[in-house]
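Below is one structure, written out as structure tokens; the observations come after it.
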Amino acid sequence: MKIATYNVNGINGHLSIVLRWLEESKPDVACLQELKAPNEKFPLEAIEGAGYKAIWHGQKSWNGVAILTRGLDIQEVGRVLPGDPEDLHSRYIEALVNGIHIGCLYLPNGNPYPGPKFDYKLQWFERLNLHAEALMKAGTPTILTGDYNVMPQEIDVYKPERWGNDALFRPESREAFHKLIGQGWTDAIRKLYPDEVIYTFWDYFRNAYERNAGLRIDHFLLSPNVDKRLKAAGVDRNVRGWEKSSDHAPVWIEIAD
DNA sequence: ATGCCGTGGAAACCACGA
């Protein structure tokens, strides 16, 4: 079973890219972030035409998340991250697929640091950690994947010395991620490739992709009972090189059925 | 060190992203 995550940076603006990627990569499950579209503008016909069912939680202009499945039933179990009824951003959706609990998340960027956006990021992270702990304790096989907007280690940053005061690399953000990992989650890419430089995002300008000036911010976190089924993981790096693509590349894992 | 590019929506610029 192949599961992927992809920050599409506008599901309609990049629809042809997303469809081409689905066709070529053929994930059984695809978690999408940054739809940048309200619910009624989700391109369901095109997604169904590609052979996928979908659940989604959109929002006008910003955010928005979706989970797609190919040939598998999908049961939505939540579309908000618990803990703050005043938070109206569409950044989380959760489903049961094939007996696996899948959380698709778009963690706040948090820049500029310091400021209210950074505070919101840390609060959201705290809520995620609480929810993740509950999922872990429930014991269901669980995958928490998406755009975490955090580079966990220096190896995950093109020039770490330049990112010290950025919300994506602040000690507080990295500490929150490491605290989450400390609950027992496995960072799938890092487990299989402990010492490799692997990026999932390249800026649009300064030829960042051509220079490989990237960041690793899209992650797969696996509960122990999914981790033991992990067979492979990777980044569809070439997709980032397609003309008019998102600034992120898709990330995927393969687990035993 | 930097939003230099790109999307979306509203308004002919601005918010936001990482």
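All chains are named by letter (A, B, ...) in the order of the sequence lines, taking the proteins before the strands, and each is independently numbered beginning at 1.
The stretch residues 157-171 of chain A comes close to DNA chain B through A/Arg162, A/Leu168, each having a heavy atom under 4.0 Å from the strand.
Counting only heavy atoms from C-beta outward, the side chains of A/Leu222 and A/Lys191 never approach each other to under 4.5 Å. Under the 4.5 Å side-chain criterion, counting only non-hydrogen atoms from C-beta, A/Glu34 is not in contact with A/Ser246. Considering only heavy atoms from C-beta on, A/Leu105 comes within 4.5 Å of A/Trp124 through its side chain.
B/dA12 shows a glycosidic angle within 90° of 0 and is accordingly assigned syn.
Among A/His101, A/Gln75, A/His57, the one residue that satisfies the side chain to side chain donor-acceptor pair (under 3.5 Å) test with A/Glu94 is A/His101. A side chain to side chain donor-acceptor pair (under 3.5 Å) with A/Gln33 holds for exactly one of A/Thr5, A/Thr145, A/Asn9, A/Asn149; it is A/Thr5.
In this structure, A/Tyr148 and A/Phe125 have tilted ring planes: the angle between them lies in the 30° to 60° band.
B/dT7 sits 25 Å from B/dA1 when the C1' atoms are compared, rounded to a whole Å. Taking the P atoms as reference points, B/dC5 lies 25 Å from B/dA11, given to the whole Å. Taking atom P in both B/dG3 and B/dA15, the straight-line distance is 14 Å, to the nearest Å. Rounded to whole Å, the P atom of B/dG6 lies 24 Å from the corresponding atom of B/dA12.
Mapped onto DNA chain B by nearest heavy atom, A/Met151 and A/Leu35 fall at different nucleotides, with A/Leu35 at the one closer to the 5' end.
Rounded to an integer number of Å, the gap from CH2 of A/Trp242 to P of B/dG6 is 18 Å. One interatomic measurement links the two molecules: CZ of A/Phe201 to P of B/dC5, which rounds to 14 Å at whole-angstrom precision. B/dG9 atom P lies 11 Å from atom CD of A/Gln59, rounded to whole Å. One atom, CD of A/Gln33, and another, P of B/dG8, lie 16 Å apart when rounded to the nearest Å. In this structure, the CG atom of A/Asn12 is 15 Å from the C1' atom of B/dG6, given to the nearest Å.
The two residues A/Asp203 and A/Arg240 have their closest heavy-atom pair at O-NH2, 3.0 Å.
In this structure A/Arg170 satisfies the salt bridge (charged side-chain N to carboxylate O under 4.0 Å, His left out) test together with A/Glu172, sequence neighbours excluded.
Distances were taken from every side-chain heavy atom of A/Ser61 (C-beta onward) to each of B/dG8, B/dG3, B/dT7; the shortest belongs to B/dG8.
Salt bridge status for A/Arg216 with A/Asp187: present, with a side-chain N to carboxylate O gap under 4.0 Å.
A sub-4.0 Å separation between OP1 or OP2 of B/dA10 and a side-chain N or O of A/Lys60 is present.
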Write out a two-atom table: protein N or O, nucleotide N or O from nucleotides 12-17 of chain B, distance below 3.5 Å.
none

